[in-house]
Amino acid sequence: MENKIVFLTFFCMTWALLTGCKNTPAPEPYGPVPAPEQLEWQKMEYYMFIHFGPNTFTDMEWGTGGEDPGVFNPAALDCRQWASTARQAGMKGIIITAKHHDGFCLWPSKFSTHTVRESPWKEGKGDVLAELSQACREYDLKFGVYLSPWDRNHPSYGTEQYNQVFANTLAEVLSSYGPVFEQWFDGACGNETEAPYDWALFHNTVREYQKHAVIFSDVGPGCRWVGNERGMAGETNWSRLDTAGFTPGKNAPPAEVLNSGNRSGKFWIPAEADVSLRPGWFYSSSTDSSLKTVDELMEIYLGSVGRNANLLLNVPPDRTGRIPHGDSLRLMEFKKKRMALFAKNIAESAQIEASSVRAGNSRRFGPANITDKSYDTYWTPEEEKVAASFTITLDREETFSMILLQEYIPLGQRVARFMVECINTSDGLWQPIAQGTTIGYKRILTFSPVTSSVIRVSILEAGAPPLINCIELY
Ligand code: FUL
């Protein structure tokens, strides 16, 4: 009889545990979450910005709009060279200044008289957007467009009518060159009075012609400016932002807010960090010898991709219409450096244990998901545990100086503070090696080299139980 009871109890408990795991759903989303295209966008991480136009030929950063279109004549223009450079550099797309503040259109727009059509390039028959979008397809890169609402050439700029002109211009671009992954709206307008922009009209136009384009501006709605042109996100960087009362441009949120996001912001608007390889955005021979160094680029990479932001690196073509040799060389050196740094992930085959696992140690939410290669599987602790940790044990002692962590953001950004420790081989005690605040899609921390075989990551503070899906050690 007693045996029977023991057996029955055991059976029921095992049954409850098994069905419990199977039936325990994934955690509820926490706060706003990325739309599918925002997630795809985040996974791109690194792509090219191209500033090109009359400014390239006049040595200006901000053209007046009064330039003679005759100056635009890139005799050896080669968008395939831009695309192959971006591809070899490890970038995933290209965003081009289709229309900068000077109003000059790199395609023969019906809504302007200041375009490639009025230039001598290809006897007025050229179309840079057509060539670049084609080259992007050929090199398997995504294509994006920058259009400045501020237009120093268009006669209707500053009037109510300009809104429709700009919407028409957008529609023309967004319906003519295939899929556009990002629509970049520049908020700048110098010291001039901002026109009464109809942002709702502009956004609706983008949605009408490119449903999946991520819309960039100071306040999104798809992604946000990072608050500086140095390519550096905040050490704390939330992908959430409050936008009520703000607009792009002069009425944007303060730079510090754009740099770090809002911890409990209402909308999912991740940061994009834009920066130029040269001191200016447009090509100038005067900056030929002041390209960013590989070390500077590495710092930028760690400060953007390594801090939950995407990196948009500007590489301006010269007057011939090609990316100068020195610039492309620098991009390749930078890629080589990244590949060397991230060559051997020593955590790849490590043993991994967690302080607790959701749904009674269910494999579906177990710590092995942190070292598998899939972005879609993650470890998460018991439902009520916001503070939790996991420990990895390497096959042998290794020396390392960099850790990479990723959260599973489709269910929201959760981690607000974490710390990394390792067991010191000489005294067997835990020794702190790094600490951070947000993780988000990706966080990379560097520290002075340590040697150990046991490393612990503790989530100390989070809005909801953390969902961690990747750790790498280098
Ligand atoms: C700024 C512009 O004024 C610069 O010329 C450049 O295009 C940069 C990316 O955005 O707001």
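All ligand and atom numbering here is 1-based and tracks the order in the structure.
Using modelled atom types, one finds no donor on one side chain facing an acceptor on the other under 3.5 Å when comparing Glu67 with Thr58. With hydrogens and angles left out, the side-chain atoms of Glu182 and Trp41 include a donor and acceptor closer than 3.5 Å.
Set against the non-hydrogen atoms of Asp274, the atoms of ligand 1 under 4.0 Å away are 9 (C). Of all the atoms in ligand 1, the ones that sit under 4.0 Å from a non-hydrogen atom of Ala188 are 3 (O), 11 (O).
Judged by the 6.0 Å and 45° rule, Arg207 forms no cation-pi pair with Tyr209.
The shortest N/O to N/O separation between His101 and ligand 1 falls below 3.5 Å. Looking at ligand 1, you won't find any N or O of Glu61 less than 3.5 Å from one of its N or O atoms. Checked by distance only, ligand 1 and His100 come closer than 3.5 Å through their nitrogen or oxygen atoms. Ligand 1 has a nitrogen or oxygen under 3.5 angstrom from a nitrogen or oxygen of Asp186.
Neither the backbone nor the side chain of Asn314 has a heavy atom within less than 4.0 Å of ligand 1.
With respect to Val214, the side-chain contact (heavy atoms from CB on, under 4.5 Å) criterion is satisfied by exactly one of Pro34, Cys223, Pro221: Cys223.
Looking at atom 6 (C) of ligand 1, its nearest protein heavy atom turns out to be His51 NE2, 3.3 Å.
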Can you check ring-ring contact (aromatic ring centres under 6.0 Å, His included) on Tyr408 and Tyr375, steps first, answer last? CA-CA 7 Å; Tyr408 181 70; Tyr375 182 75; 5.8 Å; yes
For a quick test of your reading: what N or O donor-acceptor pairs under 3.5 Å do the side chains of residues 300-309 make, sequence neighbours left out?
unit_1	atom_1	unit_2	atom_2	d
Ser304	OG	Ile300	O	2.7
Ser304	OG	Tyr301	O	3.4
Arg307	NH1	Ala233	O	2.7
Asn308	OD1	Tyr441	N	2.9
Asn308	ND2	Asn237	O	3.0
Asn308	ND2	Ser239	OG	3.1

